[in-house]
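Below is one structure, written out as structure tokens, with a few remarks after it.
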Amino acid sequence: MKPKVLAYMRVDDRVIEDLKEDFDVTTFSNEEYLDDPTFTKALQETEGIIGLALQVTKQLLDKAPKLKIVSNVSVGHDNLDLEELTKRNIMATNTPGVLDDTTADAVFGLMLSSARRISELDHHVKSGKWNISLQPDQYGIDVHHKTLGIIGMGSIGQAIAKRANLGFDMNILYHNRTRNKQAEEMYDATYCEKDDLLQQSDFVCLMVPATPETHHMISEREFKLMKPSAIFINGSRGSNVDEMALYHALKNKEIRAAGIDVFQQEPTDPSNPLLSLENIVTTPHIGSSTTECEYNMSKLAAENIKKGLRNEKPPTLLNESVLKNG
Ligand code: GLV
């Protein structure tokens, strides 16, 4: 009998077909899977789970006694209780690397769009208001040759630094738990303390994972430290930013603008006050969502689950200690 695998949101159809050669795959493609009694039933028998953003908690694990691996189709893994998974000897994997360039492109899109006011002016043209030439108060600001501060210089941060340094002649500051010598040597990035970065940057770009330590790491105090001309970009996780503090900073022009791909709650409620502001560009968590990148992430996640269920080491295993215990 083939081992049972449960696939939920965001697994590419071609990858599911491929998985079916080795596994008995049950798919839940609609987002209501948690309320679906067949989902709970499938959990009881499943050895592997693959998909995006399922909250893997103690309670869920209690319902999945045969589980050997959880394969996230994302680099972020704040949805996984890693400690609990490790305690139960269950492998956890994510999809780093394959999304670095795609996510860096999306972040640059937000930087360019908010600096040059692209979505605001797109609306201006489409709503028939372009009847006289652009007025000075509608001008944007330059991106090239400005100072970019990157908080979180992991591999996505480094891909952003590459674009900024090689393509836009930007001066790069960064803050990270550990020094990134490669970014320093290759892209001329300068390490500095967080507060210095906030005070000196024209663009502040947040790229840290969501952990208890990073919760609301950008709040009222941090916005007050930024220049009034600063543009704030969040391409990481919504919980890293205090949304009400961002709203007030934008509304009171303590900063110039923001580009936000992630929200405290997703999908965000249409009544979120941030959405009423003109000086913010929003996208619905699209960092890695291109046709190519989604496919590559699904493929890597499938490779992880295949290896894991063959008792081999998955390529991007998060909790290596399960191998020693197993
Ligand atoms: C996307 O946000 C990811 O974590 O892959």
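Along the sequence shown, the residues carry numbers beginning at 1. Whatever order the structure lists ligands and atoms in, that order sets their numbers, starting from 1. Note: hydrogens, waters and symmetry copies are ignored here, and every other heavy atom, side chains too, is used.
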Look only at interatomic distance and state if [X] has a nitrogen or oxygen under 3.5 Å from any nitrogen or oxygen of ligand 1.
{"X": "L99", "value": "no"}
{"X": "H285", "value": "yes"}
{"X": "G76", "value": "yes"}

Looking only at atom types and distance, does a side-chain atom of E17 sit under 3.5 Å from a main-chain N or O of R14, one as donor and one as acceptor?
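Such a contact is absent between E17 side chain and R14 backbone.
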
Protein contact of atom 5 (O) of ligand 1 - nearest heavy atom, named by residue and atom, plus distance
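The answer is V75 N, 2.8 Å.
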
Under 3.5 Å, is there a donor-acceptor pair linking the side chains of [X] and [Y]?
{"X": "S236", "Y": "N234", "value": "yes"}
{"X": "H216", "Y": "Q264", "value": "yes"}
{"X": "S289", "Y": "E294", "value": "yes"}
{"X": "S298", "Y": "D12", "value": "no"}

Determine whether the side chain, the backbone, both or neither of T103 has a heavy atom under 4.0 Å from any heavy atom of ligand 1.
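For T103, there is no contact with ligand 1 at all, from either part.
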
As an exercise, identify every atom of ligand 1 less than 4.0 angstrom from a heavy atom of S74.
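Taking each heavy atom of S74 in turn, ligand 1 has 3 (C), 4 (O), 5 (O) under 4.0 Å.
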
For the rings on Y8 and F39, is their centre-to-centre separation under 6.0 Å?
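Y8 vs F39: aromatic centres not under 6.0 Å.
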
Touching ligand 1 at all, H77? Heavy atoms, strictly under 4.0 Å?
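Judged by the 4.0 Å heavy-atom criterion, H77 does not count as contacting ligand 1.
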
